[in-house]
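Pasting in a structure now, in structure tokens, and then I'll have a few things to ask.
The structure displayed is predicted, hence computed values, not measured ones. Chain A is the first sequence line, chain B the second, and so forth, proteins listed ahead of strands; every chain is numbered from 1.
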4 protein chains.
Amino acid sequence: MHKKPDPARRSERSRQAILQAARELVTEVGYAKLSIEAIAARAGVGKQTIYRWWRSKGAVVFDSFLALSEDTQGMALPDTGDIEADLKTVMRATVAEFADPAFEAPIRALNMEIVADPELAAQYRDKLAGPVDEAKKERLRSAQRAGQIAEDADLDLALELLYAPVYQRWLLRTGPLTPEYADALVDAVLRALRP
Amino acid sequence: MHKKPDPARRSERSRQAILQAARELVTEVGYAKLSIEAIAARAGVGKQTIYRWWRSKGAVVFDSFLALSEDTQGMALPDTGDIEADLKTVMRATVAEFADPAFEAPIRALNMEIVADPELAAQYRDKLAGPVDEAKKERLRSAQRAGQIAEDADLDLALELLYAPVYQRWLLRTGPLTPEYADALVDAVLRALRP
Amino acid sequence: MHKKPDPARRSERSRQAILQAARELVTEVGYAKLSIEAIAARAGVGKQTIYRWWRSKGAVVFDSFLALSEDTQGMALPDTGDIEADLKTVMRATVAEFADPAFEAPIRALNMEIVADPELAAQYRDKLAGPVDEAKKERLRSAQRAGQIAEDADLDLALELLYAPVYQRWLLRTGPLTPEYADALVDAVLRALRP
Amino acid sequence: MHKKPDPARRSERSRQAILQAARELVTEVGYAKLSIEAIAARAGVGKQTIYRWWRSKGAVVFDSFLALSEDTQGMALPDTGDIEADLKTVMRATVAEFADPAFEAPIRALNMEIVADPELAAQYRDKLAGPVDEAKKERLRSAQRAGQIAEDADLDLALELLYAPVYQRWLLRTGPLTPEYADALVDAVLRALRP
DNA sequence: AATTAACCGAGACGGTACGTCTGGTCTTTAA
DNA sequence: TTAAAGACCAGACGTACCGTCTCGGTTAATT
């Protein structure tokens, strides 16, 4: 019979050290060359302590990003009343973030994990993407109330039309991520959403 | 000094055996648990023969899919004169293909490779995605000539608006891939492209 | 500072459970594969309780045998007046005991411990071998008084001549342990000890 | 299915390095704390190379001693015509060898292995003990021819009477190993073997 | 009766080593 | 020269135990 570990006895110090080590190593050697052995060594922790609390290397890396963005919660998008200007601001920022080489390696690692592991994908949706998407939809609803977007527009689809092209370009490296691209994207999507 | 292998001397029988073994093993054990060792054993081939001709596990898997779709070349999209109907036909087919569980494992493996390895991504663009995209753009150009789409529309962006949402939904498992979804997507994109 | 445990507070129930578990496990999995972890689990006892009272795995196993043979104390050898007959009786019994496959594993384990650990060897001499050897020497002294053995014979050496060959045969598996062998041994040793 | 390695392809260089490393480490850290991991590291060899050719840690250590004494073969005992003097010379040397603290650790390790593993015990008999015992018996036969030992004496038993007591004293640390002890032993055994 | 100090079961912890698996290189033999 | 075969060095895998530690919960002997 398999006994589950008792979470009450979990060492917070070890947990933090492991997550930090994972974050550091992903940026240093990349996700593919990352080993649990190295994480344990860097964190000054026995390997078993990792295996006790995480299912896989991916779960550790995933949690290390979760922990990072726990303070990103509750943010709201700018609302100047001009949906076009606001969206362009947001999308230009998004595009710039993706283009930042410092985030390249870890975010790509995170995405590989999510693609490969449905369970992590679910966690990602619930804990990271979900709240952010809700904030984005709230801004779009505000635009609906202002009559800038059709009342019957499918906001989930709208979000996908806005973000999926950027995501795909970045993930598959199929094109440059420039501010002009962000603007063109917003223009096109707003045309599709016009009342 | 390192001598490059002479492609003329390459054993076609071994190459085919390796590609087939790779294809079989990807579907059987998944990409993550696939090993060069296992491919060599299944193909009845020395490991060196694999290392001589491919850079990495990913390159072998990638080639094994290339070989499969070599006959998919030169296809053209339907052109009944009604861009909306034609696109809905195509997108419904695309959505159905993605939803097919039989292709799930290998296609996901292929995408993981492309995401992780920029060189394979380039090959993918040139040899697989490129020709298909060109055919799709050709259909859109035909619609432009027919006045169904704005003359100055950015066709690359148009393709991304059509396909990226589907790709993202599938890759991140963020939503169901239904015919209704395909139709809604086409409707939205055509609104964005209207003259 | 390190505080020694207070023997008065020792749980007799735990002690017995540990010794019994050790005995069972030695016969089941052999001494080499025996672990303190397994003993603790089988005995339903915390690991610390073992470490508190014993220095090593060997010490536990050793004690578990000590406990078994605590009732063997105070026995005396047969004395019919005929040293040859008596010794043959005793040596035949000894040989039979060694040949019994049921005792093979645990006794071998005990011997490995004694060979490896001088401190346990000392305990063994004092608590197990010593009394038995004294009884054997007493029988030889009786034979000396009866004039069947030289008065100046070295009885320690005599015991070694009798028992070491049997012990060696058993330990190194260098030959069969038969009643005939026991008789031949007694004959030879008695020739060496003749007045 | 399990494939046996091909001995023809075995690397002699690796074999020697492993045996030497094993010999060094046994004397440095003792048998109990010896690890295959350490042997591989010291020998500059992959662990698999050890597991490929040896069943266990014990087998490696055993072989490392075998290799050492391969040149000890074919030796003969002194034969001055005086069996008592010759035996005392030999037994004093044997006793001195056992008492040498430099050989203590490795020889004890070797014996633990032989005691624990019947297969190694068989190898030990055939390759190490056998030839030496034959040489000893040859000397005794010579004494038989000279009329110093009974013609019908059991020479195997004679050897055991001579060597087992020394072996037991050393193994169980039950007494000192002095030249006087060697002499007393020879005296006693010769009395037992007298014609 | 309340306090208190030790033992107790339990099990997490930092570690070491296990025996296996794979990566990528090198060598041998045959075609 | 290429290929099959497979030994080699290297090192990560996930597991088993080590011996230490901390946690609540008895238990027994003082207060």
Would you say the side-chain atoms of D/R23 pair up with the backbone N or O of D/S64, donor to acceptor, closer than 3.5 Å? yes
Protein-nucleotide distance (D/Y51, atom OH; E/dG19, atom P), rounded to Å: 4 Å
Between F/dC8 atom C1' and D/Q16 atom CD, what is the distance in whole Å? 17 Å
Send over the distance from A/I50 CD1 to E/dC13 P, rounded to a whole Å. 11 Å
Please determine if D/E104 and D/R173 form a salt bridge, counting it only when a charged side-chain N lies under 4.0 Å from a carboxylate O. yes
In whole angstroms, the gap separating P of F/dG24 from CG of A/D6 amounts to 10 Å
Is the Lys NZ or Arg CZ of D/K57 less than 6.0 Å from the centre of D/Y31's six-membered ring, within 45° of the axis? yes
Listed in order of residue number, which residues of residues 20-48 of chain D have a non-hydrogen atom at under 4.0 Å from DNA chain E? D/S35, D/I36, D/E37, D/K47, D/Q48
Within the pair B/R52 and F/dA3, is there a side-chain N or O less than 4.0 Å away from OP1 or OP2? yes
Rounded to whole angstrom units, what separation is found between the NZ atom of B/K57 and the P atom of E/dC21? 16 Å
Find the distance D/R9:CZ to F/dA4:P and express it as a whole number of Å. 14 Å
Is there side-chain contact between A/L19 and A/D63, with heavy atoms separated by less than 4.5 Å? yes
Would you say C/T49 reaches E/dG9's phosphate, i.e. side-chain N/O to OP1/OP2 under 4.0 Å? yes
Do side-chain atoms of A/R52 reach the backbone of A/P5 as a donor and acceptor pair under 3.5 angstrom? no
N/O (side chain, B/S14) to phosphate O (OP1/OP2, F/dA4) under 4.0 Å: yes
Starting from C1' on E/dC7, measure out to CZ on C/R13 and report it in whole angstrom. 14 Å
Round to a whole Å and report the spacing from CZ of B/R55 to P of E/dT25. 13 Å
Is D/E28 salt-bridged to D/R42, cutoff N-O under 4.0 Å? yes
Any chance the side chains of D/Q16 and D/E12 put a donor and an acceptor closer than 3.5 Å? yes
Phosphate OP1/OP2 of E/dG19: any D/W54 side-chain N/O under 4.0 Å: no
Please check the phosphate of F/dA3 (OP1 and OP2 only) for any side-chain N or O of B/W53 closer than 4.0 Å. yes
